[in-house]
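Worksheet: one structure, shown below.
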There are 4 protein chains.
Amino acid sequence: MEPIAEKKKLILESAFDIIKDQGFHGCPMSLVAKNAGVAAGTIYTYFESKNDLIFELYFHAKNIIYKHVSQKDDPSLDFKTRFFNYWNNLSQLYLDRPEIQRFFEQFMISPYNTLEVQNEDSPWYNWNGNFFKEGIDKGYLKNLSPEILFIMVIGSVNSMSKMRQNFNTKITEKGIDLNQLAEMTWDAIRKQK
Amino acid sequence: MEPIAEKKKLILESAFDIIKDQGFHGCPMSLVAKNAGVAAGTIYTYFESKNDLIFELYFHAKNIIYKHVSQKDDPSLDFKTRFFNYWNNLSQLYLDRPEIQRFFEQFMISPYNTLEVQNEDSPWYNWNGNFFKEGIDKGYLKNLSPEILFIMVIGSVNSMSKMRQNFNTKITEKGIDLNQLAEMTWDAIRKQK
Amino acid sequence: MEPIAEKKKLILESAFDIIKDQGFHGCPMSLVAKNAGVAAGTIYTYFESKNDLIFELYFHAKNIIYKHVSQKDDPSLDFKTRFFNYWNNLSQLYLDRPEIQRFFEQFMISPYNTLEVQNEDSPWYNWNGNFFKEGIDKGYLKNLSPEILFIMVIGSVNSMSKMRQNFNTKITEKGIDLNQLAEMTWDAIRKQK
Amino acid sequence: MEPIAEKKKLILESAFDIIKDQGFHGCPMSLVAKNAGVAAGTIYTYFESKNDLIFELYFHAKNIIYKHVSQKDDPSLDFKTRFFNYWNNLSQLYLDRPEIQRFFEQFMISPYNTLEVQNEDSPWYNWNGNFFKEGIDKGYLKNLSPEILFIMVIGSVNSMSKMRQNFNTKITEKGIDLNQLAEMTWDAIRKQK
DNA sequence: GATGAATGAGTGTTCATTCAT
DNA sequence: GATGAATGAACACTCATTCAT
């Protein structure tokens with residue numbers, strides 16, 4: 001149906017893969033092309049520039065996260081359960097597809113991450129706004145702005161995942177259980193009695 | 001007094017500054033030299049390589065953090081107060097010297113951050129180990145490993161600072177009070193009654 | 001016919017030429033590119049590195065010598081005649097294409113000439129082994145190892161060519177006839193009655 | 001007496017040493033200075049430039065050869081014996097002080113070896129002229145110009161020494177006796193009966 | 001005389017992008 | 001649309017030489 005998109009997808013995935021293993025700095029267009037099985041010039045049929053490719057990757061990645069977490073959320077459950085599901089699903093996604101986390105890490109601090117990009121609305125951020133608002137409204141969460149709850153939670157997941165990925169051996173050695181961060185984060189956001 | 005150290009310092013600060021504004025990616029040696037007011041070759045009088053320069057920056061930055069936080073800690077105070085001091089001091093340091101936070105962000109995910117570097121002992125990590133251990137022993141903090149408490153706290157400060165730096169306008173607009181993250185983090189780590 | 005090989009050839013010849021005039025020392029890639037009429041980066045389409053370029057030049061040069069001398073050898077002739085043909089052909093080649101001799105001179109004492117390179121089999125060395133062996137077996141040459149006869153002969157040709165190239169005026173002035181070296185070398189290797 | 005010459009000598013020897021091990025290409029002035037135990041700038045008190053240093057090395061080396069060979073020559077001996085002494089003394093000198101041979105190898109093909117340098121008279125070349133003239137006059141050597149006899153002999157010694165130095169293992173393996181080159185060279189220059 | 005920090009042109013090499021085919 | 005050879009500015013780093021001390 002979309003034979004063109006096929007090649008575009010190959011390029012995006014190739015870039016994703018390389019960034020996972022080598023970071024932005026080790027991701028030349030020539031390698032992206034080679035891994036995707038296309039010619040260097042072909043990339044420019046689908047993307048205006050490397051910049052453009054990176055942005056598409058960003059939206060792609062954010063969309064994967066959004067779908068993964070939102071689709072696995074069951075609003076009929078108890079909010080605390082939903083929070084731990086949220087945490088575990090996101091955490092698991094980062095574990096299963098390290099390229100996503102790695103990409104975000106790199107993207108966020110790269111010059112690609114302009115104010116413009118940051119200010120864009122996105123289904124993922126909107127969904128989170130609603131999720132945390134619901135938790136507040138139902139009396140489970142602290143009566144703060146949904147945004148700050150989101151910052152707290154997403155910061156914890158990121159922090160945990162980064163640790164898990166970068167210091168795995170050290171963490172195992174010391175017998176540190178990173179899942180405890182979920183409990184701690186829950187304590188951070190839940191309404192204290 | 002130390003005219004030699006003077007030039008080395010200029011180079012370090014120049015690199016720091018550039019990384020703050022443009023990231024590692026936009027920090028060629030030629031620009032470091034130019035901004036420091038020295039010739040390109042001069043850098044190599046003081047640093048063996050770019051690698052070497054980056055490492056010195058890393059140790060320099062970590063040391064600043066360590067000194068700033070540890071020197072302002074008053075062990076005679078109540079532990080909760082000490083925690084909020086810790087949080088506020090670190091937070092303030094990141095606010096005053098964004099290049100420090102920016103540098104760490106960049107360094108952590110760069111190829112410079114090898115396992116070797118990660119495994120090095122450092123006064124800052126040791127100090128934190130002791131700090132959180134004390135909190136546990138005195139019954140203020142959850143009975144978890146000091147390391148995981150550190151991960152939780154440092155993750156929150158970083159997350160908050162990154163938000164403050166990148167989304168300042170947006171945050172102000174929405175009336176979000178980032179200091180609430182300190183309270184939330186305290187709830188995350190304190191022993192629940 | 002082979003438009004690709006065309007450019008590679010231009011680069012090889014450019015390098016050859018520069019080395020002839022200025023030696024390895026005066027042969028930067030930028031100049032090779034300029035003389036070949038291509039951009040600096042283009043060289044790396046055809047050669048992995050300067051190293052690689054130099055090696056190709058080496059094999060190229062050795063092959064030219066091999067072909068030139070072996071193809072002009074007529075095994076049906078008297079061995080003494082064949083020897084003088086060998087000498088004259090090689091000598092003439094060096095005269096016509098000084099870049100070949102110059103290149104070898106440079107290569108042999110350069111860091112490129114590793115043990116690995118030295119130990120490689122080559123048609124040229126093999127052909128010489130057979131040539132001198134035949135001379136021994138047929139009773140024309142001293143009963144020594146073919147290798148040492150080769151060293152003697154090649155050393156003489158090189159020595160002569162170097163002189164001819166570097167001291168041409170002086171030699172002409174003094175009325176020195178370098179061809180006498182062929183006779184002398186024949187006396188050096190022939191079986192003495 | 002000559003405390004200044006002391007430092008100059010250190011520099012010359014340092015350069016000699018480095019060239020022996022690494023060739024011209026691995027002989028930066030900074031290293032010469034370091035090995036000589038002086039500051040980089042000090043070299044320029046004694047030598048106008050690297051060029052100048054190399055030239056002095058050249059004259060120094062040629063003088064060593066001249067003295068070594070001429071002083072060990074005993075004109076009262078039979079000429080054939082004198083020739084083999086000449087050969088063996090020069091060969092031994094190259095073996096004992098590889099830096100001399102290595103330097104000449106490098107110098108001869110370097111851009112330093114200008115026509116001007118080549119045309120300079122030198123005791124060494126003069127001595128050789130006389131040596132071979134005597135051989136001719138006494139009826140031992142072919143009735144050719146002394147110069148061409150010199151070219152033949154020096155070419156052989158150089159060729160042999162280069163082989164000995166660069167292909168030592170291979171030569172030993174194959175059981176090649178390089179001393180045979182002395183005999184061969186004698187046959188090359190001696191008057192044939 | 002001696003020092004060694006400073007210089008800056010020059011080195012080999014990379015890589016985002018273009019364009020003739 | 002697809003190709004991949006070609007480009008050339010940019011990069012990290014070297015080194016002969018200078019000059020203030």
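Throughout, protein chains are lettered first and strands after them, A, B, ... in sequence-line order, and every chain is numbered starting at 1.
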Phosphate contact ([N] OP1 or OP2) by [X] side-chain N/O below 4.0 Å:
X	N	value
A:Ser30	E:dC15	no
C:Thr42	F:dT7	yes
A:Tyr44	F:dA2	no
D:Lys7	E:dA2	yes
B:Lys50	F:dC13	no

Whole-Å distance separating the [atom1] atom of [X] from the [atom2] atom of [N]:
X	N	atom1	atom2	answer
D:Tyr46	F:dT17	OH	C1'	18 Å
C:Glu6	F:dA6	CD	C1'	16 Å
A:Ile11	F:dG1	CD1	P	11 Å
D:Glu48	F:dT18	CD	P	10 Å
D:Asp52	F:dT18	CG	P	13 Å
C:Met29	F:dG8	CE	P	17 Å
D:Asn51	F:dA16	CG	P	12 Å
C:Ile18	E:dG12	CD1	P	10 Å

| query | What is the minimum heavy-atom distance between A:Leu57 and A:Ala15, and which atoms define it? | reply | CD2-CB, 3.7 Å
Quick check for you: among [options], whose closest atom lies nearest to any side-chain atom of [X]?
X	options	result
B:Val38	F:dG1, E:dT7, E:dG1	E:dT7
C:Ala40	E:dT17, F:dA2, E:dT13	E:dT13
C:Ala39	E:dT17, F:dT14, F:dT7	F:dT7

| note | Mate of E:dG10 across any strand shown (Watson-Crick or G-U wobble, both atom pairs under 3.5 Å) is F:dC13
| field | Watson-Crick or G-U wobble partner of F:dA20, both distances under 3.5 Å | value | E:dT3
| request: Assess the side chains of A:Tyr66 and A:Lys62: does a donor N or O sit below 3.5 Å from an acceptor N or O? | output: no
| note | Taking for B:Gly41 and for D:Ile43 the nucleotide of DNA chain E with the nearest heavy atom, the one nearer the 5' end belongs to D:Ile43
| N/O donor-acceptor pair under 3.5 Å between B:His25 side chain and B:Gln22 backbone | no
| request: Examine B:Phe24 together with B:Phe103 and report whether their ring centres are nearer than 6.0 Å. | output: yes
| remark: When D:Pro28 and B:Ser49 are each assigned the nearest nucleotide of DNA chain F, the 5'-most assignment goes to B:Ser49
| message | Please evaluate residues B:Lys8 and B:Phe47 with respect to the criterion side chain to side chain contact (heavy atoms under 4.5 Å, CB included), reporting the C-alpha separation (whole Å), side-chain torsions for both, the decisive distance (0.1 Å), and the verdict. | response | CA-CA 9 Å; B:Lys8 187 170 179 176; B:Phe47 304 92; 3.7 Å; yes
